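Each remark here refers to the structure printed beneath this line.
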Amino acid sequence: MNVHIRFLGGAGTVTGSKYLVEFNGQSLLIDCGLFQGYKQLRLRNRDPLPVMPHHIGAVLLTHAHLDHSGYLPLLAKEGFHGKVWTTPATRDLAQILLPDSGHIQEEDAHFANRKGFSKHAPALPLYTEADALNSLKLIRTQPMGEAFEPLPGWTARFSGAGHILGAASLLLEVGGQRILFSGDLGRPDDSLMNPPEPPPAADVVVCESTYGDREHPDEDVLAELAPALQRVAARGGTAVVPVFAVGRAQALLHAIAQLKASGALPHSLPVYLDSPMAIHTTGLFARHLGEHRLNAAECHAMETVATMTRTADESKAIARHHGPKVILSASGMATGGRVLHHLAQHLGDHRNMVLLTGYQSPGTRGATLASGSPRVRIHGQDITVRAEVVQLASASAHADASQLMDWLRALPAAPRRVFVTHGDPGASDALRHRIETELGWHALVPEHNSTWNT
Ligand SMILES: [Zn+2]
């Protein structure tokens with residue numbers, strides 16, 4: 001009897017991660033991510049899965065990022081009623097991220113209908129905040145390193161992947177096969193997160209390749225951030241920083257706290273964290289001490305360096321503060337959220353700056369800004385870009401190509417096969433090539449919706 005893997009997402013793209021593992025009439029889903037970015041990708045979220053949700057026995061999430069978890073509310077709404085296994089910190093983050101995702105989808109649909117710029121009439125949210133809250137009830141937690149049985153006869157174990165709070169790689173043992181899912185791997189030199197744990201022995205590895213064709217520069221986040229923020233402050237401008245509410249927001253707060261403590265930035269420079277989700281996430285670091293690099297004092301400094309604006313009124317009041325300031329706001333690729341209002345307000349003035357942090361998926365506003373486009377469309381309007389656009393190369397939560405290779409090289413023995421996933425086509429193919437030529441292992445890039453024997 002064979003173990004099959006079906007790549008229902010995260011194949012040929014960095015989003016929509018969903019790997020269906022089937023054996024002996026049972027199946028479970030590793031990750032349950034939303035497609036994001038290009039419209040043709042986002043439309044896949046509305047396609048029915050090739051398997052009935054109520055036939056899936058369990059879901060295991062490697063981490064809480066929406067491209068790995070954000071389809072869960074829809075899966076539950078469409079009939080999935082099994083257990084969803086996560087690490088404790090991933091559960092805490094999913095409780096923040098999934099309802100927010102539902103809320104944003106409701107708001108976007110509402111906004112599109114009000115402004116009449118949706119081609120669908122009426123625009124419907126993929127799922128609602130209530131759907132998301134319902135799906136959270138299915139979550140059961142398992143600590144890192146402890147084996148558990150997601151289905152009878154199937155064994156699974158999470159191990160630390162760095163990347164973000166709670167992020168794990170996952171070893172699945174079924175039908176005599178050990179299948180290792182890398183999840184998203186962090187950087188060994190990340191300023192917040194611990195390095196990924198070395199991988200356990202496996203017959204088959206499913207490995208991410210977000211940066212499969214790129215190396216991070218040696219520069220550290222402080223060295224990149226300081227001159228950019230000094231420059232915008234000196235000209236009296238505002239730095240708008242689209243941040244991923246989970247991870248990048250905290251890395252930047254930690255960095256800004258360090259820069260203020262060292263005198264590289266004036267203590268008086270106003271910093272705002274304008275994202276309820278990022279504010280909530282920042283508080284989780286103190287609750288999960290030991291799962292990241294910060295001690296209690298550093299957590300406190302990170303929590304107090306910025307003015308936390310929770311309500312919409314507090315958010316609007318930021319614009320009334322004239323003079324230099326820094327606004328950190330979600331979402332990180334400027335696909336939605338409060339940052340859109342700040343961008344619309346500030347992009348037209350050359351004194352201002354947009355600081356992009358981390359990977360910008362093709363098709364997102366973040367990628368449009370990074371490409372130097374003179375205009376960007378926000379809420380149905382074309383906005384002229386006069387602000388300086390800076391992309392922080394060092395602010396990635398992902399291992400680069402050589403770090404991915406180092407992680408694979410640490411496997412106790414050569415696996416029979418490596419599936420290279422979670423990358424744009426060029427990045428995945430570059431990593432596949434390196435695995436074949438440098439390690440001599442059999443590697444391939446599976447196509448979307450393809451099915452393989454392990
Ligand atoms: Zn991730």
Side-chain angles (χ1 to χ4, degrees), residues 9-11 13-19 29-37 41 59-72 84 86-87 89-98 100-101 144 158-170 180-188 190-197 206-212 214 216 242-252 277-278 281 284-285 288 291-292 330-333 335 356-362 364 366 395-401 403-404 407 420-424 427-428 431:
T13 161
V14 294
T15 68
S17 280
K18 276 180 223 80
Y19 311 129
L29 200 56
I30 308 296
D31 281 339
C32 191
L34 268 187
F35 288 104
Q36 296 167 313
L41 279 176
V59 173
L60 291 81
L61 300 181
T62 61
H63 64 293
H65 272 152
L66 290 179
D67 58 325
H68 294 258
S69 73
Y71 191 85
L72 188 63
V84 178
T86 74
T87 63
T90 293
R91 187 260 330 263
D92 288 355
L93 285 175
Q95 286 176 342
I96 300 169
L97 283 165
L98 294 181
D100 183 80
S101 172
M144 300 274 187
F158 292 119
S159 58
H163 188 52
I164 62 165
L165 266 188
S169 300
L170 177 73
L180 175 64
F181 297 84
S182 69
D184 283 3
L185 293 168
R187 310 169 61 156
D190 192 280
S191 64
L192 285 186
M193 302 309 302
N194 293 324
E197 287 181 47
V206 179
C207 185
E208 69 122 324
S209 59
T210 314
Y211 280 84
R214 277 165 292 168
H216 296 315
V243 284
F244 301 92
V246 175
R248 287 306 90 185
Q250 290 75 39
L252 287 167
M277 195 165 57
T281 302
L284 287 183
F285 275 72
H288 293 277
E291 289 203 26
H292 52 78
S331 70
M333 300 189 203
T335 50
L356 298 168
T357 62
Y359 181 79
Q360 302 295 322
S361 188
T364 60
S396 169
H398 282 274
D400 68 17
Q403 291 163 344
L404 290 171
W407 184 80
V420 181
T421 60
H422 197 282
D424 290 324
S428 295
L431 189 70

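Numbering of residues begins at 1 and proceeds along the displayed sequence. As the structure lists them, so they are numbered: ligands from 1, and atoms in each ligand from 1. The analysis underlying the following values was restricted to heavy atoms, covering all of them including side chains, and did not include hydrogens, waters or symmetry mates. All figures in this text were calculated on a predicted structure; none of them were measured in a lab.
- The aromatic rings of H65 and H163 lie perpendicular to each other, with more than 60° between the two planes, well past the 30° mark.
- Counting only distance, with no hydrogens or angles, the side chain of T281 and the backbone of V246 share no donor-acceptor pair below 3.5 Å.
- In summary, the side chains of E208 and H398 do present a donor paired with an acceptor at a separation below 3.5 Å, with no hydrogens or angles considered.
- Counting only protein atoms, the N, O or S atoms lying less than 2.8 Å from the Zn ion (ligand 1) are H63 NE2, H65 ND1, H163 NE2, D184 OD2, ordered by chain and residue number.
- Under the rule for a side-chain contact (heavy atoms from CB on, under 4.5 Å), the partners of S69 that lie at least two apart in sequence or sit in another chain are L61, L66, L98.
- By the side-chain contact (heavy atoms from CB on, under 4.5 Å) test, Q360 is found to be paired with M333, L356, T364, A367, Q391, residues two or more places apart in sequence or in another chain being considered.
- Residues passing the side chain to side chain donor-acceptor pair (under 3.5 Å) test with S17: none are found, sequence neighbours excluded.
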